[in-house]
Amino acid sequence: MPELAEVEHARRQWNVGLGAAVREVLIARPEIRVFRGTDVAALRRRLPGRVLSRSEANGKQMLFHFEPLPGKGEKTRLWLGVHLGMRGDLRVETTADFQPGKHDHLVLRQDGGRALVFEDQRHFGRILFHEGAEPPAWWTRLAPSVLSAEFTRDGLADFLQRRRRSPLKAALLMQEKFPGVGNWMADEILWRARLHPATPAGAVAADKRRLTELFQQIRWVAQTASEVISDNWTYPPTWLFLHRWEPGGFCPRRGCGAALERATIGGRTTCWCPRCQGKVES
DNA sequence: CTATTTGTTTATCC
DNA sequence: AGGATAAACAAATA
């Protein structure tokens with residue numbers, strides 16, 4: 001589930017808790033992988049009493065800000081990082097007697113019976129915790145969003161040239177350049193740009209026309225997915241996304257309808273249209 | 001029982 | 001040295 005747009009949607013689920021203090025932190029299994037590298041004891045000890053003041057997301061990473069304690073000179077904020085991994089999600093429970101389920105690994109109880117819940121069935125997600133006046137390095141070092149002005153066509157060309165021997169599919173999954181792009185978004189982008197996922201990245205770096213097409217489709221898919229998810233989660237039937245896991249799915253492009261192909265490329269199951277994205281160009 | 005899954009990190013190989 | 005690739009991780013589902 002969680003790629004760029006779904007992560008943004010998950011972040012907003014906790015908005016109802018903005019401006020309210022945490023009363024209790026529930027962590028049933030601090031030893032699981034989700035908390036690797038995190039000081040769970042500090043999290044439990046420091047978060048109660050703190051007000052959730054804002055949140056932001058970049059790609060698949062989220063950052064929740066907790067205000068300094070009232071009092072002069074106090075500058076220390078608490079920062080909670082959340083990554084959803086493969087199947088994680090954020091939600092809110094509003095029943096006063098809510099008890100965490102098997103996969104509810106972090107629960108922040110607030111007043112009024114509200115609970116902010118992080119769930120993750122597969123434990124591939126991650127909770128990070130930081131205390132200080134400034135946001136943590138794992139947040140500030142993230143690559144700029146593909147929707148930001150810092151993501152440019154020339155920057156894309158440089159990256160693809162450096163990764164020239166990687167298949168395009170593998171390159172698009174690299175968070176150091178395309179934060180938030182995951183398996184289905186990468187396939188959607190390549191399908192729209194009419195580029196075979198196994199094409200070496202260097203072939204696009206050296207071709208202005210295909211480079212421009214790829215650049216624009218990265219932006220378009222990221223932007224449009226965000227709008228669709230904000231609206232009603234209904235992707236138009238012209239998205240490859242809706243057909244990729246149908247048994248014997250067909251290319252949704254007007255006038256095409258060819259049988260979709262699937263194979264492992266860049267270590268992940270990849271789906272493409274052999275007619276629209278026919279040959280590997282190098 | 002086997003194979004699969006919208007992700008990242010680590011080890012190993014080139 | 002830097003980059004490409006496969007395995008590992010965990011748990012549910014088909």
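In what follows, every chain begins at residue 1, and chains take the letters A, B, ... in the order their sequences are listed.
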Going 5' to 3' on DNA chain C, which nucleotide is the first and which the last to come under 4.0 Å of a heavy atom in chain A? C:dG3 to C:dA12
When Ile, Leu, Val, Met, Phe, Trp and Tyr are grouped by side-chain heavy atoms lying under 4.5 Å apart, directly or through other members, which residues fall in the same group as A:W79?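 Listed partners: A:L63, A:L128, A:W138, A:W139, A:L142.
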Can you tell me how far CE of A:M185 sits from CD of A:E3, rounded to the nearest 0.5 angstrom?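 Reported value, rounded in 0.5 Å steps: 6.5 Å.
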Once you round to the nearest 0.5 Å, how far does CG of A:L26 lie from CZ of A:R109?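 It is 5.0 Å, given to the nearest 0.5 Å.
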For [N], take OP1 and OP2 only and decide whether either is under 4.0 Å from a side-chain N or O of [X].
X: A:R268; N: B:dT6; answer: yes
X: A:T269; N: B:dT5; answer: yes
X: A:Q175; N: B:dT8; answer: yes

Atom pair distance, as rounded to whole Å: [atom1] in [X] and [atom2] in [N]:
X: A:I265; N: B:dT6; atom1: CD1; atom2: C1'; value: 17 Å
X: A:R122; N: B:dT4; atom1: CZ; atom2: P; value: 13 Å
X: A:E3; N: B:dG7; atom1: CD; atom2: C1'; value: 10 Å
X: A:L173; N: B:dT5; atom1: CG; atom2: P; value: 13 Å
X: A:F178; N: B:dT8; atom1: CZ; atom2: P; value: 14 Å
X: A:R262; N: B:dT4; atom1: CZ; atom2: C1'; value: 13 Å
X: A:L172; N: B:dG7; atom1: CG; atom2: C1'; value: 15 Å
X: A:L242; N: B:dT6; atom1: CG; atom2: P; value: 15 Å

Base-paired stems in DNA chain C, each at least three Watson-Crick or G-U pairs under 3.5 Å: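 Stems for DNA chain C, defined as runs of 3 or more consecutive pairs: B:2-5 with C:11-14, B:7-14 with C:2-9.
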With sequence neighbours left out, which residue pairs that include part of residues 251-277 of chain A fulfil the side chain to side chain donor-acceptor pair (under 3.5 Å) condition? A:K169-A:T270, A:H196-A:W272
With a 4.0 Å cut-off on heavy atoms, is A:G85 in touch with a base, just the backbone sugar-phosphate, or nothing at all? sugar-phosphate
[atom1] atom, [N] versus [M]: distance in rounded Å?
N: B:dT8; M: C:dT13; atom1: C1'; result: 22 Å
N: B:dT9; M: C:dA12; atom1: P; result: 23 Å
N: B:dT6; M: C:dA4; atom1: C1'; result: 23 Å

So which heavy atom on A:T76 is nearest to which on A:G132, and how close?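 What the structure gives for the nearest pair is CG2-N, 3.8 Å.
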Taking all non-hydrogen atoms of both residues into account, name the closest pair between A:A20 and A:R114 and its distance. CB-NH1, 3.9 Å
Indicate yes or no: does A:E8 engage A:R11 in a salt bridge with an N to O separation below 4.0 Å.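 Answer for the salt bridge query: yes.
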Is a salt bridge present between A:R209 and A:E213, judged by a nitrogen-to-oxygen distance below 4.0 Å?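 A:E213 and A:R209: not salt-bridged.
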Please list, chain by chain and in numerical order, all residues satisfying ring-ring contact (aromatic ring centres under 6.0 Å, His included) with A:F159, sequence neighbours excluded.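 So A:F159 forms a ring-ring contact (aromatic ring centres under 6.0 Å, His included) with A:F178.
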Centroid separation A:F215 to A:F151 less than 6.0 Å: yes
Centroid-centroid distance, A:W220 to A:W239, less than 6.0 Å: yes
Nucleic acid footprint by protein, nucleotides 9-14 of chain B - heavy-atom cut-off 4.0 Å, B for base, S for sugar-phosphate alone: ------
Taking C-beta and beyond as the side chain, do A:L52 and A:L108 meet within less than 4.5 Å on heavy atoms?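 The answer is no, as the side chains (C-beta and beyond) never meet within the 4.5 Å cut-off.
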